[in-house]
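A short worksheet on the structure shown next.
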Amino acid sequence: MLDAKLIRANPQVVETALRNRNLPGALDNFLELEKQRRSLLAQVEEIKKFRNQSSQEVGKLKKQGLEPEELMEKVRQAGQEIKELDEQVNVIEAEINKILLNIPNIPHDSVPIGIDDTSNLEIRRWGEPRKFDFEPLAHWDIGPNLDILDFERAAKLSGARFAVYKSGGARLERAVVNFFLDTHTGCHGYKEIFPPFMVTADCMRGTGQLPKFAEDMFKIEGRDMYMVPTAEVPLTNLYREEILEEKDLPLYMTAYTACFRAEAGSHGRDTRGIIRQHQFNKVELVKITSAETSYEELEKLTGDAERVLQLLGLPYRVVLLSSGDMGFSSAKTYDLEVWMPGYNDYKEISSCSNCEDFQARRANIRYRPASKEKIRYAHTLNGSGVAAGRTVAAILENYQQADGSVLIPEVLKPYMGGLERIEK
RNA sequence: GGAGAGAUGGCCGAGUUGGCUGAAGGCGCUCGCCUGCUAAGCGAGUAUACGGCUAAUACCUGUAUCGAGGGUUCGAAUCCCUCUCUCUCCGCCA
């Protein structure tokens, strides 16, 4: 959520930013409604002032044994007016709030302007895509061939966009998750959290999934709750409605959760394999920082996510998303794209964002600066560290052998009980 | 699922015959004083949001906020209703 005062003070700046996010005219009624709101507030507060003073007066008079009927009647009428005006204020504030909740974050100055991913900027590459002396297969062929991924039986259980992992595949998924968590807690200083997989609508509003993206999520029937689409939601909301001390910042948190996404708008995309599933596993990184340090923390967080790909020996590149390609809550996002021989291309495996105070304002996460200034909104960051399913897919494709087997990356062997390769 | 208790400021904790309580007291924190040594003592200060004023996110001022919402009343942290959450006991259960 943007600061209403900022919009009021610099409407053209915000307009421009929103145009760069393909949302012209998002502010249309906002300024007018704001004006109405302030005018009504001035009126109603004036009457409330009268009521407060008068009812105190009544109290004093009554103590003297008087019955100030006339004054009491006046206050009664004032109360009526207050009720009506409050009603109007509520309606207008609800409208303003609706607008505010649907406006995305403003891109940071360093973000390239563009309408979609064609304006994204490649920042760096790591690793060399492997040269195969045979025709490499895609993971949706490798997995079933080795009988470690079963899409047909998954469909029997749950329909499209689900997978069943079996034997070495199941263990590989688990190994990857544990390797990520161990690395981030052991080497990068994150605190491990194991949160609920279902959260309230308030949490979803706090991180920006609601109200705009309700159709992307799985809602719990009969309850005001949702399956988490990413651990970013519970981790960031851990500190909702709290005031932190600057000396305790930054907070580094990591969590494994399953993630649940309806994928409503992606019919026909990535229908094969485990790239785009309704349920997938992910280890997430979340930071809560002061306003001054969030951008250097974003670089570090991105580096932490890169580190696990490096340790796995998976070639990747880092891409800075353009204004038109960024997520709703983000001010700046780096995507990590891993090399997938089956696609002969890089595929997104992590997305690292600085949301600045956008989520903090929605979720009311604040901190008391060490300098004793006024309380401020914290900055929140999140990044995949990284998606487990896509990592497994990348391992299958990058480590496949001519005989159909798949070698286990060195760092995962301890997690695989010493297994060297998955074979039929 | 049954029975009971409770939700107050950064924290703890007063306040329930409705009014002068934005809220005692304590802790913590900040500033100052004092003390010949990391302790103690003394004094002062210390909520947030929104509005007005303003160059100001500085003053000053108004309104709101004692879990949330609604009601009664001239006036509610204090009375009534609904909801949410927490705790204790019983039952059930991975």
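Just the heavy atoms: all of them, side chains too, but no hydrogens, waters or symmetry mates, feed the values below. A, B, ... follow the sequence lines: proteins, then strands. Residue 1 opens every chain.
Taking atom C1' in both C81(B) and G19(B), the straight-line distance is 24 Å, to the nearest Å. Taking atom P on both G2(B) and C92(B), the two are 15 Å apart, rounded to the nearest angstrom. Comparing the P positions of C80(B) and U17(B) gives an interatomic distance of 12 Å, to the nearest angstrom. Comparing the same atom, P, in U8(B) and in A64(B) gives a spacing of 22 Å after rounding to whole Å. Between G75(B) and A49(B), the two C1' atoms lie 24 Å apart (nearest whole Å). G51(B) and G10(B) are spaced 26 Å apart, taking the C1' atom of each and rounding to whole Å. For the C1' atoms, the distance linking C12(B) with G28(B) amounts to 10 Å, nearest Å. Separation of the C1' atoms belonging to C74(B) and C85(B) is 35 Å when rounded to the nearest angstrom.
Of all non-hydrogen atoms in A360(A) and Y377(A), the two that sit nearest each other are O-CD2, 3.6 Å.
Applying the salt bridge (Lys or Arg N to Asp or Glu O under 4.0 Å) rule to E122(A) yields the partners R125(A), R317(A); only residues at least two apart in sequence or on another chain are considered. Looking at residues two or more places apart in sequence or on another chain, you find a side-chain hydrogen bond (donor to acceptor under 3.5 Å, both in side chains) between D357(A) and R361(A). Remark: K212(A) engages no residue in a side-chain hydrogen bond (donor to acceptor under 3.5 Å, both in side chains) (not counting sequence neighbours). A search for salt bridge (Lys or Arg N to Asp or Glu O under 4.0 Å) contacts involving K156(A) returns nothing, not counting sequence neighbours. With sequence neighbours excluded, no residue satisfies side-chain hydrogen bond (donor to acceptor under 3.5 Å, both in side chains) with N105(A). For E397(A), the side-chain hydrogen bond (donor to acceptor under 3.5 Å, both in side chains) test picks out H139(A), with sequence neighbours left out.
In terms of position along RNA chain B, the nucleotide closest to E57(A) lies nearer the 5' end than the nucleotide closest to the other residue of the pair R366(A) and E57(A).
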Tabulate atom names and distances for all N/O pairs under 3.5 angstrom spanning the protein and nucleotides 50-54 of chain B.
residue : atom : partner : partner atom : Å
C50(B)  : O3'  : R37(A)  : NH2          : 2.7
C50(B)  : O2'  : R37(A)  : NH2          : 3.0
G51(B)  : OP1  : R8(A)   : NH1          : 2.8
G51(B)  : OP1  : R37(A)  : NH1          : 3.3

Check nucleotides 74-82 of chain B for protein N or O atoms closer than 3.5 Å to its own N or O atoms and list the pairs.
residue : atom : partner : partner atom : Å
C74(B)  : OP1  : R76(A)  : NH1          : 2.9
C74(B)  : OP2  : R76(A)  : NH1          : 3.3
C74(B)  : N4   : K62(A)  : NZ           : 3.3

Scan nucleotides 22-24 of chain B against the protein and return all N/O pairs shorter than 3.5 Å with their distances rounded to 0.1 Å.
none

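A donor and an acceptor atom, one from each side chain of N364(A) and R366(A), are located under 3.5 Å apart. Judged purely by distance below 3.5 Å, without hydrogens or angles, the side chains of Y367(A) and E245(A) never pair a donor atom with an acceptor atom.
Under 4.0 angstrom from either OP1 or OP2 of A64(B) there lies at least one side-chain N or O belonging to N52(A). The phosphate of U65(B) (OP1 or OP2) has no side-chain N or O of K48(A) nearer than 4.0 angstrom.
In this structure, L40(A) atom CG and A64(B) atom C1' are separated by 16 Å, rounded to whole Å. Taking atom CD1 on I375(A) and atom C1' on U46(B), their separation rounds to 11 Å, with Å as the unit. As a whole-Å value, the separation of N364(A) CG from A68(B) P is 13 Å. C11(B) atom P lies 14 Å from atom CG of D248(A), rounded to whole Å. Separating the CD atom of E241(A) from the C1' atom of U65(B) is a distance of 13 Å, rounded to the nearest angstrom. Atom C1' of nucleotide C59(B) and atom NZ of K374(A) are separated by 13 Å, given to the nearest angstrom. As a whole-Å value, the separation of I47(A) CD1 from G62(B) P is 17 Å. The distance between atom CE of M225(A) and atom C1' of U84(B), rounded to the nearest whole Å, is 13 Å.
The environment of M217(A) atom CE is dense: over 12 non-hydrogen atoms of other residues, nucleotides or ligands sit within 6.0 angstrom. Counting non-hydrogen atoms of other residues, nucleotides and ligands closer than 6.0 Å to CZ of R8(A) gives a total above 12.
When K424(A), K166(A), R153(A) are each tested for a salt bridge (charged side-chain N to carboxylate O under 4.0 Å, His left out) with D147(A), only one passes: K166(A).
The pair E93(A)-R37(A) meets the salt-bridge criterion, with a side-chain N (NZ, NE, NH1 or NH2) lying under 4.0 Å from an Asp/Glu carboxylate O.
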>> Reading 5' to 3' and counting Watson-Crick or G-U wobble pairs with both distances under 3.5 Å, write the dot-bracket notation for RNA chain B, | for bases paired outside the strand.
In response: ((((((((.[[[..)...(.....]]]((((((.......))))))((((((.......)))))).[[[[[..)....]]]]])))))))....
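Within the nucleic acid shown, K83(A) comes within 4.0 Å of sugar-phosphate atoms alone, with no base atom in reach, counting heavy atoms only.
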Distance-only donor-acceptor pairs under 3.5 Å for side chains of residues 378-393 of chain A, two or more places apart:
residue : atom : partner : partner atom : Å
H379(A) : ND1  : S294(A) : OG           : 2.8
T380(A) : OG1  : Q359(A) : OE1          : 2.7
N382(A) : ND2  : E232(A) : OE2          : 3.4
S384(A) : OG   : S351(A) : N            : 3.1
R390(A) : NE   : I275(A) : O            : 2.8
R390(A) : NH1  : E348(A) : O            : 2.7
R390(A) : NH2  : I275(A) : O            : 2.9
T391(A) : OG1  : A387(A) : O            : 2.5

Would you mind writing out the side-chain donor-acceptor pairs for residues 65-74 of chain A within the sub-3.5 Å range, not counting sequence neighbours?
residue : atom : partner : partner atom : Å
E73(A)  : OE1  : R76(A)  : NE           : 3.0
E73(A)  : OE1  : R76(A)  : NH2          : 3.4
E73(A)  : OE2  : Q77(A)  : NE2          : 3.4

